[in-house]
Structure formats: C-alpha cells, structure tokens
Number of protein chains: 2
Amino acid sequence: MSKHSGALKELRAKGCRLTPQRLLILEAIAEGSAHMGVDEVFRRARESYPYLDVATVYRTLRLFRELGVVTEVGIADRLHFELTDPAARHHHMVCKVCGSAFDLSPYYLEQFRETLSREFGFEPDLGNFTVTGTCVRCGSRKELRGPIGN
Amino acid sequence: MSKHSGALKELRAKGCRLTPQRLLILEAIAEGSAHMGVDEVFRRARESYPYLDVATVYRTLRLFRELGVVTEVGIADRLHFELTDPAARHHHMVCKVCGSAFDLSPYYLEQFRETLSREFGFEPDLGNFTVTGTCVRCGSRKELRGPIGN
DNA sequence: GTACATGCAAACGGTTTGCATATCT
DNA sequence: AGATATGCAAACCGTTTGCATGTAC
C-alpha cells in the first residue's frame, strides 16, 4: 500500500482518468523531497517518460490541488507543492540566504492562529504557511564575519 | 518636513543622484496606500510625468530597498513595497478570497518569533511577514451560503 | 465512440537587461 | 567632463492557453 493509494481513489471518485502521466507525476511528488518546485517534479517525472510536457505537469498539479491530493506551499516566488498528509500537517521556515526550507510543527502555531481568529476573525490558511528568515547555519556564518564585515 | 525627508538624506549619503523620477516614485509610495504593487506605484508616479518607464520604477524600487528606504512585502505573487517605518513596523494578513491586505501589529508575533529563535535558531524576517487566510467578510459570506453549498 | 487528456507551440504578464541618449553633480 | 540614470525595446522566465491528436473509459 503506497503513500498515494488514497490519491488514486480520489481521482477515480471524481471521474478523472488515470493516465500514465498523472501516475508518474504523483509518484514524483510522493517520492521526492518535501515541497518540490514544479521544475523538480517535471525533471523527476520526465526521467521515466521523456515526452512529458511541462504544461501537463502544471495542469496535473492544479488538478491534484483541487482534489486535495497535493498542497500548494508558498515557499518562494514560484509554485511549490507537496503531498497532502492531514495526519502530519506542517508548515515551513525558509532561509532567504541559502534557500533551504525547514518543516515547522503546527504546535508552534496553534496559539497564533487562535489569536488571529479571536481578535480579527481572520482564519489563517496554515496549510500554506511560511515564514522567511535566516536559518541557524546562515545566521552563525554571518557572525563569523565579525562586526567589521557588517 | 515630509515623511520621506530621511530618504533623501539617505540617497545623498550613498552618492545616488536625486532625479525627478526618483522623487516622484518616492512621493507615490509615501502618499499612496500601504503595501503598493509596482503597477500602482507606476500609475501614480506617471500621472505627474508621463514619460516615466516601468523599468525605471523597478530599478528605483530595488535601489530604495537596498537603501532601506522601502520594505518589500511578500503579499502576493507580485512585488509589493511600502515606505520603511521602523517606528511602526507591522506585518500583513492577506485574504486569499478577496485579495485584501490587513496590517498586523508586531505585538502578535513577539512570542512566535522568540520561540522560533530559541528552539531552532531561526531568525524570522518579520519585516517581510505575511499570513494568508480568509478575512472576516469573506469568512462570513461563505457561511451565509449555508451547509448545502459546501 | 466520445469525452477528456496530452503534446506542441505560441501567448502572456511580471520583471530584467542592453544600449544609446540624456542628465545630475 | 564624467559617471550615472533614463527611456525604449527586446529578452527572460515561469505559467497558461489554443488546438489538433491521442487515449482512457
């Protein structure tokens, strides 16, 4: 029972066709690193089927997002997706120096969410939540340059 | 003493030229609404000087950002800027339904920031912080549709 | 057989760049 | 005078779309 068998059921249920391209893209996302860029998904999937077109990847990812199979992640200025996993919902910290993305447990956001909801009636979309900043490594690297290098 | 006199000093100090275009763009940002898109800045500034080119706006905004005169805001998929005001630093909540952006006082983020810093050594870049979600109006509008409309 | 998905190529929109000209200092 | 900023046009890059062909059902 693979990680994405539920996704296949979802496709059938909605009357969508199970094309080889869709399966490839699904596998690419399921097996690839977390929060993948479209180009990354494309490269991976194309390894198994060189005729695959970017347009298909975009269309498929949009379909998957609408079905709830993948989640869009607001990581950079380009689109990123990851397999939706309600049991392990998490968020991201993105280092703007080195570009790395780190997962962040929802635990750290519960209180924040509740506050926004209570005070402003604003329901944060935490499935798509990202904080940018500086990660430990890049932070310490900066310090090594010393106060002179600014 | 206008809101942006400090900015002019900053420009001179860094040896940058005070061209009419730059002044116009600065004024457009200072007088316009918070977190303006590039096109909005462009339209406003061009009202006073129709020959103004978008490229100049982009170049100028980047310069201003590097000088710290404006702050880049990660509001949508396009670039947004606002006049940097250290005394009234704030963040944003963006409604993904209607697109409106609301200011969010740093008060609500202090604790969150401290936690990330302490636990992960991750220094969030809160000058560029944005939560997406659903605002009060769009949230209640959804409810009005009732449980049937899903 | 028919509706839907794909590949291909071309369009699109925001942003950037090369270059000759104009302008600030 | 000399360096730098501008306008213009064209490149760029990620993403989307139109259309004829192909394929899952």
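Protein chains get the first letters and strands the later ones, always in sequence-line order, with residue 1 at the start of each.
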Using the rule given for side chain to side chain contact (heavy atoms under 4.5 Å, CB included), can you reason through Phe81(B) versus Val41(B), listing the C-alpha separation, both sets of side-chain angles and the distance that settles it, and then say yes or no?
CA-CA 9 Å; Phe81(B) 299 89; Val41(B) 178; 5.9 Å; no

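The aromatic rings of Phe112(A) and Phe112(B) sit parallel to each other, their planes meeting at less than 30°, with 60° as the upper class boundary.
Screening residues 15-46 of chain B for ring-ring contact (aromatic ring centres under 6.0 Å, His included) gives His35(B)-His92(B) as the qualifying pairs, with residues at least two apart or on separate chains. Pairs engaging residues 5-25 of chain A under the ring-ring contact (aromatic ring centres under 6.0 Å, His included) rule: none recorded [sequence neighbours left out].
Shown for residues 14-28 of chain A: residues whose heavy atoms fall under 4.0 angstrom of DNA chain C, namely Arg17(A), Thr19(A), Gln21(A), Arg22(A). Across residues 56-70 of chain A, Tyr58(A), Arg59(A), Arg62(A) each have a non-hydrogen atom less than 4.0 Å from an atom of DNA chain D (numbered order).
Summarising the geometry, atom CE belonging to Met93(B) is positioned 12.0 Å from atom OG1 belonging to Thr132(B); distances are rounded to the nearest 0.5 Å. Here CZ of Phe122(A) is found 9.0 Å from CG of Leu104(B). Values are rounded to the nearest 0.5 Å.
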Could you pull out all donor-acceptor pairs under 3.5 Å where a side-chain atom in residues 10-26 of chain A meets a protein atom, sequence neighbours excluded?
| unit_1 | atom_1 | unit_2 | atom_2 | d |
| --- | --- | --- | --- | --- |
| Glu10(A) | OE2 | Lys14(A) | NZ | 2.9 |
| Thr19(A) | OG1 | Arg22(A) | N | 3.2 |
| Arg22(A) | NH1 | Arg17(A) | O | 2.9 |

Less than 3.5 Å apart, which donor and acceptor atoms pair up between the side chains of residues 50-65 of chain B and the rest of the protein, not counting sequence neighbours?
| unit_1 | atom_1 | unit_2 | atom_2 | d |
| --- | --- | --- | --- | --- |
| Asp53(B) | OD1 | Ala55(B) | N | 2.8 |
| Thr60(B) | OG1 | Thr56(B) | O | 2.7 |
| Arg65(B) | NE | Glu72(B) | OE1 | 3.0 |

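Under the rule for a side chain to side chain donor-acceptor pair (under 3.5 Å), Glu47(A) has no partner lying at least two apart in sequence or in another chain. For Glu114(B), the salt bridge (charged side-chain N to carboxylate O under 4.0 Å, His left out) partners at least two apart in sequence or on another chain are Arg118(B). Arg78(A) meets the salt bridge (charged side-chain N to carboxylate O under 4.0 Å, His left out) test with no other residue; sequence neighbours excluded. Glu40(A) is linked by a side chain to side chain donor-acceptor pair (under 3.5 Å) to Ser33(A), counting only residues two or more places apart in sequence or in another chain.
Nucleic acid contact for Tyr49(B): sugar-phosphate only, since backbone atoms but no base atoms lie under 4.0 Å from a heavy atom of the residue.
The side chain of Tyr51(A) contributes no N or O atom lying less than 4.0 Å from OP1 or OP2 of dT21(D).
The overall bend of the helix from dG1(C)-dC25(D) to dT25(C)-dA1(D), read as the angle between its terminal helix axes built from five base pairs each, is 30° when rounded to 10 degrees.
Using modelled atom types, one finds a donor on one side chain and an acceptor on the other under 3.5 Å when comparing Glu123(A) with Ser117(A).
Protein chain B contacts DNA chain C over a range whose 5' and 3' limits, counting nucleotides with an atom under 4.0 angstrom from a non-hydrogen atom, are dG14(C) to dT25(C).
Between the CG atom of Leu79(A) and the P atom of dC13(D) there is a distance of 17 Å, rounded to whole Å. Whole-Å rounding puts the Arg78(A) CZ to dC13(D) P distance at 10 Å. For the pair Glu40(A) CD and dG14(D) C1', the computed distance is 16 Å after rounding to whole Å.
Ranked by how close their nearest DNA chain C nucleotide is to the 5' end, Ala55(A) and Asp53(B) are led by Ala55(A).
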